[in-house]
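Below, read A as the first sequence line, B as the second, and so on, with proteins coming before strands; counting in each chain starts at 1. Only this structure's heavy atoms are used, side chains among them; waters, hydrogens and symmetry mates stay out.
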Number of protein chains: 2
Amino acid sequence: MNAETTEFADALRAAGLRVTQQRMSVLSILMEAQDHPNADEVFTRAKEIDGSVSFATVYRTLAALEEAGLIRRLSFENEPARFEIMPVSEHDHMVDIDTGEVIEIDSAEINRLRQELVARLGYEIVHQHTLIRARKKPVS
Amino acid sequence: MNAETTEFADALRAAGLRVTQQRMSVLSILMEAQDHPNADEVFTRAKEIDGSVSFATVYRTLAALEEAGLIRRLSFENEPARFEIMPVSEHDHMVDIDTGEVIEIDSAEINRLRQELVARLGYEIVHQHTLIRARKKPVS
DNA sequence: TGACAGGTGAGAATGGTTCGCATTTACATG
DNA sequence: CATGTAAATGCGAACCATTCTCACCTGTCA
């Protein structure tokens, strides 16, 4: 059990959640993921290392982890939600509409502007996310 | 048949779509809407003035109108998609997490920034939308 | 270690959205 | 203005991501 594992176990406990094999499996999948897998992909990958995990538990675990603030749910149009370990720095997502590739884009400056805008309306941001659908520019 | 009606009929034709009573009904509902109704609400309202429209057609019509660029689909998490007439000026949406109210927020400046950011990555924006979930600040 | 609240697996249920197909309609053409 | 035809519609069934139910396990705390 390495440092990261302990860290996540502690985070689970801090959130009042029991530390189970399934939850650790799902977390490790997302930790190692270089992409943004959806529930089905998390399930498939988790099954390889755990075997016992069920689809229902993957969903329940993802919901619990999101609630605990350990992971983040990305909602796209017309496709199942994707998940990622809660990023240290805020970023938005750009989808290449030709390849389906999801690219993270930094947005510190934009987020600051957005926060000012919202504050002017008398609100404070609880959560924000931008989805950009874009196409690769032809090299000119 | 007033000016707006003709305008939409022309827009439908320009998009290669036939002008049907159902499509005009759905469009008129969205034109008059001060809120952002979902498919079910559009159906209910359209049924009042048309009677014959079916739920399936509402969905097909909303998809066709979106495709034609006449309306815009707003995807929120854990709730059915909402729709609005394609706005003249770009704006994003803020959801009051306590009341569920949807507030339009102007974002010209932010969109410009975002466009630069994306251009730097070699992409051009096809579509973009930001969803902010916020809570009313206590008056201090 | 024992009790038990909370977690899990399997499959059924749910709910928004889409599809299939027989029927109807818009509209180009004569 | 009548007509053929491709497109649109209504209805209900199908779809698919997600959630629920319930009987059975398992962390956790004493």
Do any N or O atoms of the protein come closer than 3.5 Å to N or O atoms of nucleotides 20-22 of chain D, and which pairs are they?
from, atom 1, to, atom 2, distance (Å)
D:dT21, O4, A:Arg60, NH1, 3.2

When the distance from [atom1] of [X] to [atom2] of [N] is rounded to whole Å, what number comes out?
X       : N      : atom1 : atom2 : value
A:Leu62 : C:dG7  : CG    : P     : 15 Å
B:Phe76 : C:dT17 : CZ    : P     : 12 Å
A:Glu66 : D:dT19 : CD    : P     : 10 Å
B:Arg82 : C:dT17 : CZ    : P     : 11 Å
B:Glu41 : C:dT17 : CD    : C1'   : 16 Å
B:Arg13 : D:dA8  : CZ    : P     : 14 Å

Closest nucleotide of DNA chain D for B:Lys47 versus for B:Leu17: which of these residues is on the 5' side?
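Nearest-nucleotide comparison on DNA chain D picks B:Leu17.
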
Mapping A:Tyr59 and B:Asp50 onto DNA chain D by nearest heavy atom, which one lands closer to the 5' end?
B:Asp50

Is there a side-chain contact between A:Thr20 and the phosphate of C:dT8, meaning an N or O under 4.0 Å from OP1 or OP2?
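Looking at the OP1 and OP2 atoms of C:dT8, one of them is under 4.0 Å from a side-chain N or O of A:Thr20.
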
Is there a side-chain polar atom (N or O) of B:Ser54 under 4.0 Å from OP1 or OP2 of D:dT9?
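Answer is no, no contact under 4.0 Å.
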
For the pair B:Glu84 and B:Arg72, find out whether any cationic side-chain nitrogen is under 4.0 Å from an anionic carboxylate oxygen.
yes

What residues form a side-chain hydrogen bond (donor to acceptor under 3.5 Å, both in side chains) with B:Asp50, not counting sequence neighbours?
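B:Asp50 satisfies side-chain hydrogen bond (donor to acceptor under 3.5 Å, both in side chains) with B:Gln21, B:Ser25, B:Ser52 once adjacent residues are dropped.
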
So, A:Thr130 and A:Arg114: side-chain donor and acceptor under 3.5 Å apart, yes or no?
yes

Any link between A:Val118 and B:Leu131 through a network of hydrophobic side chains (Ile, Leu, Val, Met, Phe, Trp, Tyr) touching at under 4.5 Å?
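Different clusters.
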
Return the angle between end axes of the helix from C:dT1-D:dA30 to C:dG30-D:dC1, with five pairs used per end and rounding to 10°.
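That helix gives 40° between its end axes.
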
